[in-house]
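First the structure, in the form of structure tokens, and then the observations on it.
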Amino acid sequence: MLEKIAQLQAQAQADLAAVADGPQLEQFRIKYLGTKGALKDLMGLLKQVPADQKPQFGQRANALRQQLEAAFAQRQQELGTKAKSSTGPLLDVTEPGLPPKMGRNHVITQTIDDLIDVFGRMGFDIATGPEVEDEFHNFQALNIPLSHPARDPLDNFYIDDKHLLRSQTSTIQIRVMEKTPPPVRIVAMGRVYRPDEHDATHYSMFHQVEGLYVDRGVSMADLKSTLLQFVHVYFGPDTEVRLRPSFFPFTEPSAEMEVRIDLGNGPRWMELGGCGMVDPNVFKAVGYDPEIWTGWAFGLGIERLAMRKYGITDIRWLFENDVRFLRQF
Ligand code: DAH
């Protein structure tokens, strides 16, 4: 019986010497030290050992186990492998998985959703229009004469002689009024295009929100109170609004809309866009009788709104699609 131990020892030592890599070492472990391994079998023989030899057999078998375990550990170190010493399943199915990375809406999309929400609650319908426009909707119907510098091919992305990428969402005012008899109360959001050189505040594509309200007896006071309502929801109830006289061909009178907000360095007036009372020539272009109908309109830059709200100081960051930037919003 004791001979069996010596045999096992010799064989194990020879096997271990032949181990060349992690998987082989694992084979070795299973064969000798595993729960169904040779050493376990050896202990099983203890019953058959004559009583007087039992202590000696036990001692020798234990000594062999310790020796093989030590040799195994040493070989494991030499091979630099972490050969599995656990006998449990290699795959722990109870471990929590890797959470999938969730996407999110772009900050401009979020801003558009906010605008839809605010103006929706004020009773405005949402309108849309094409990004490729004809000159009639982009200029003529908006009372922008042929000679106006805004029509300059260098200031627009013309596609052919008569079509261009819209340079303003005011085109949608025309499209809505052409199909809808008054009264009208809409907002429209979308992309507009201008061949501006890119810098911190200019980009050749950006977004605008256009508002149009047409009814009988509409006044500039309605315009200002609507804009005030909007900025109170969007920027906070302390935000002030002022309308600074200006000029747009499609409104008379016209104004720049400015808000007073504090971006951390004290409150300052900042321009958000233009507005005014719809010019009678615009009503005539769409077949509304300017003697009956009155209205106001506004057009604000969506990037500006978002940049003011979130303190973004460079418009280019919005379109670089760097998720490290975008996931902050
Ligand atoms: N379309 C003008 C622009 O892009 C903004 C604007 C001004 C829109 C006055 C309006 C308005 O509806 O009434 O600069």
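Both ligands and their constituent atoms are indexed starting at 1 by order of listing.
- Checking only distances, Phe298 does come within under 3.5 Å of ligand 1, N or O to N or O.
- Heavy-atom contacts of Thr251 reach the following atoms of ligand 1: 13 (O) (cutoff under 4.0 Å).
- Close approach of ligand 1 to Ala297 is summarised as follows: ligand atoms under 4.0 Å from at least one heavy atom of the residue are 12 (O), 13 (O).
- The minimum heavy-atom distance linking Leu79 with Ala20 is given by the pair CD2-O, 3.5 Å.
- Contact between Gly276 and ligand 1 is present, with at least one heavy atom of the residue lying under 4.0 Å from the ligand.
- Near Phe248, meaning under 4.0 Å from any of its heavy atoms, are these atoms of ligand 1: 7 (C), 9 (C).
- In this structure, the protein non-hydrogen atom closest to atom 1 (N) of ligand 1 is Gln168 OE1, 2.8 Å.
- Ligand 1 has no nitrogen or oxygen under 3.5 angstrom from a nitrogen or oxygen of Phe250.
- Of the heavy atoms in Cys275, only backbone atoms (N, CA, C, O) come closer than 4.0 Å to ligand 1.
- A salt bridge does not link Glu256 with Arg242: none of the charged nitrogens is closer than 4.0 Å to a carboxylate oxygen.
- Taking a cutoff of 4.0 Å between a charged side-chain nitrogen and a carboxylate oxygen, Arg65 and Glu69 qualify as a salt bridge.
- For Trp296, no heavy-atom contact with ligand 1 is shorter than 4.0 Å.
- Asp15 has a carboxylate O that lies under 4.0 Å from a charged side-chain N of Lys31, or vice versa, which qualifies the two as a salt bridge.
- Between Ala297 and Gln173 the shortest heavy-atom distance is CB-NE2, 3.3 Å.
- Glu271 and Arg308 make their closest contact through O-NH1, 3.3 Å (heavy atoms, listed as atom of the first residue, atom of the second, distance).
- Nearest to atom 5 (C) of ligand 1 by heavy-atom distance, out of Gly299, Ala150, Ala255, is Gly299.
- Polar contact with ligand 1: present for Gln173 (N/O pair, distance under 3.5 Å).
- Scanning all heavy atoms of the two residues, the minimum distance from Phe139 to Ser167 falls at CE2-OG, 4.4 Å.
- With rounding to the nearest 0.5 angstrom, the CG atom of Leu164 is 11.0 Å from the CZ atom of Arg166.
- When the heavy atoms of Met257, Glu210, Arg194 are ranked by distance to atom 3 (C) of ligand 1, first place goes to Arg194.
- Contact of the Cys275 side chain with the Leu227 side chain is registered, since non-hydrogen atoms from C-beta on lie closer than 4.5 Å.
- Using a 4.0 Å cut-off to heavy atoms of Gln208, the atoms of ligand 1 that qualify are 3 (C), 4 (O).
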